[in-house]
Amino acid sequence: MRVVSGIQPTGNLHLGNYLGAIKNWVKMQEEAECLFFLADLHAITVANDPAKLSANTREMAAALIASGIDPEKSTLFNQARVGGHAELAWMLFCSTPLGWLDRMTQFKEKSGKHKQRASMGLYSYPVLQAADVLIYQATHVPVGDDQKQHLELARDIASKFNSDTGQEVFTLPEALIHGPAARVMSLRDGTVKMSKSDPSDLSRINLSDSDGEIAKKIKKARTDADPLPSELAGLEGRNEARNLINIYAAIADEEPQTILSQYAGQGFGSFKPALIELMVATLSPIREKFITLKSDHNALDQLLQKGADKAAKQASSTVDSAYNALGLLRNS
Ligand code: TYM
């Protein structure tokens with residue numbers, strides 16, 4: 001079992017990233033060989049501020065370590081330090097049909113009405129993502145629900161390359177998407193996912209939020225006037241209520257049904273303070289650690305370089321096999 005996953009170093013780590021992906025990464029470190037990376041090459045597919053990107057990359061590394069990723073157990077690095085990702089992406093671009101990329105919903109969302117102005121990088125983003133996991137022969141890729149389509153594409157790209165070349169160059173990776181937090185929704189609107197790009201900061205909990213900010217955001221989180229039901233079916237059509245229950249369950253490592261059994265019949269006036277208490281108890285130690293780690297640039301740079309050196313060694317045999325399979329001559 002080899003686990004590979006990544007996160008874009010754009011802005012803050014939020015509760016959706018933490019519960020949907022990072023918390024699972026931390027658990028998997030104990031069970032499998034893991035490689036986790038900061039997808040800085042993906043971050044430049046949209047307007048880029050170079051100074052901010054460097055700062056965000058280091059900060060995201062600090063956030064992952066503060067959340068429990070142990071660089072001694074897992075290989076932690078930023079994509080740009082391992083040239084093989086971009087090299088392999090080029091080889092995959094050449095065998096991926098345009099029609100497959102036309103189906104990608106994330107490109108449609110991100111490019112909006114201005115498709116003609118979007119970069120080729122944004123359009124081909126999922127092919128680089130495929131390279132990210134195929135290069136390490138990943139068997140499992142723990143992600144949130146929004147990455148499902150990209151992971152399905154990665155499998156298709158791997159199969160096509162293997163069959164086009166007649167060689168088993170790539171392992172087909174499996175997406176791991178599970179738990180009540182696979183899709184954490186906005187605190188302001190239970191029909192859209194919590195995201196870094198939402199203009200309202202009240203829509204998300206950031207890892208850097210103070211205890212007071214967490215409390216304020218949960219108090220202001222949209223809910224409804226009904227008491228909590230005793231069964232999951234009672235949350236049907238109550239998106240905001242379901243989201244808060246899922247968040248509670250994910251933090252507490254419980255099933256949503258267990259939480260409902262505990263709070264059935266109670267209103268948000270009593271559920272919200274309990275959620276705030278649990279959230280603050282979980283996030284404040286992470287925040288404190290994050291604040292200490294993020295200012296030590298040298299330590300973070302060294303650590304990312306060490307991770308990248310290790311990752312590059314693992315990547316090189318797949319890159320070599322891909323060049324060979326295509327008949328590209330090198331290393332003679
Ligand atoms: P990114 O940076 O948007 O998000 C990182 C991880 O957090 C998950 N996530 C969520 N999970 C639950 N609820 C939410 N509201 C929520 N928002 C984000 C994402 O599903 C993801 O697992 N394209 C990727 C980065 C990437 C990658 C890869 C991932 C690049 N290469 C290879 C896996 C494998 C992205 O933009 O994730």
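Atoms within each ligand, like the ligands themselves, are counted from 1 in listed order.
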For [X], state whether at least one heavy atom is located under 4.0 Å from any atom of ligand 1.
| X | answer |
| --- | --- |
| K196 | yes |
| A181 | yes |
| H14 | yes |

Hey, does [X] come in under 3.5 Å of ligand 1, counting only N/O atoms on both sides?
| X | value |
| --- | --- |
| Q8 | yes |
| G6 | no |
| K193 | no |
| G16 | yes |
| D145 | no |

Measure the distance from [atom] to every protein heavy atom, then report the residue, atom name and distance (to 0.1 Å) of the closest one.
| atom | answer |
| --- | --- |
| atom 13 (N) of ligand 1 | V184 N, 2.8 Å |
| atom 4 (O) of ligand 1 | N17 ND2, 3.4 Å |
| atom 22 (O) of ligand 1 | G144 N, 3.1 Å |
| atom 6 (C) of ligand 1 | A21 CB, 3.7 Å |

For [X], counting its heavy atoms only, list the atoms of ligand 1 lying under 4.0 Å from any of them.
| X | answer |
| --- | --- |
| F37 | 28 (C), 31 (N), 32 (C) |
| G20 | 11 (N), 12 (C) |
| S5 | 33 (C) |
| Y125 | 23 (N), 24 (C), 35 (C), 36 (O) |
| A39 | 30 (C) |
| A182 | 11 (N), 12 (C), 13 (N) |
| V143 | 22 (O), 33 (C) |

Short side-chain to backbone donor-acceptor contact, [X] and [Y], under 3.5 Å:
| X | Y | result |
| --- | --- | --- |
| R222 | R188 | yes |
| N246 | A181 | no |
| K196 | Q8 | yes |

Out of [options], who is nearest to [atom] when you count heavy atoms only?
| atom | options | answer |
| --- | --- | --- |
| atom 5 (C) of ligand 1 | D146, I7, T45, L128 | I7 |
| atom 28 (C) of ligand 1 | R183, K148, Q129 | Q129 |
| atom 3 (O) of ligand 1 | Q147, R204, H150 | Q147 |

(message) Exactly one of D301, L53, L293 should register a side-chain contact (heavy atoms from CB on, under 4.5 Å) with R58. Which one does?
(response)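 The option that passes is D301.
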Answer side chain, backbone, both or neither: which part of [X] comes under 4.0 Å from ligand 1, heavy atoms only.
| X | answer |
| --- | --- |
| V141 | side chain |
| S195 | neither |
| H42 | side chain |
| D132 | side chain |
| V133 | side chain |

(message) Parallel, tilted or perpendicular, judged at 30° and 60°: which one describes the rings of Y263 and F271?
(response)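 Y263 and F271: perpendicular rings.
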(request) Measure the acute angle between the ring planes of H150 and Y125, then classify it against the limits of 30° and 60° as parallel, tilted or perpendicular. (result)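 It falls in the tilted class, 30° to 60°.
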(request) Go through the side-chain N and O atoms of D164 and S95 and say whether any donor and acceptor fall under 3.5 Å apart. (result)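 No, because no side-chain N or O of D164 sits under 3.5 Å from a partner of the opposite role on S95.
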More than 12 heavy atoms of other residues, nucleotides or ligands under 6.0 Å from [atom1] of [X]: is that the case?
| X | atom1 | result |
| --- | --- | --- |
| K108 | NZ | yes |
| E277 | CD | no |
| E236 | CD | no |
| Q305 | CD | yes |
| K219 | NZ | no |

So that I can tick it off, tell me whether [Y] and [X] are bridged by a salt bridge, with the cut-off set at under 4.0 angstrom between side-chain N and carboxylate O.
| X | Y | result |
| --- | --- | --- |
| D40 | R81 | no |
| K217 | D201 | yes |
| D209 | R287 | no |

(message) Applying salt bridge (charged side-chain N to carboxylate O under 4.0 Å, His left out) to D253 and K27, what does each step give before you reach the verdict?
(response) CA-CA 12 Å; D253 276 324; K27 283 187 196 148; 3.2 Å; yes
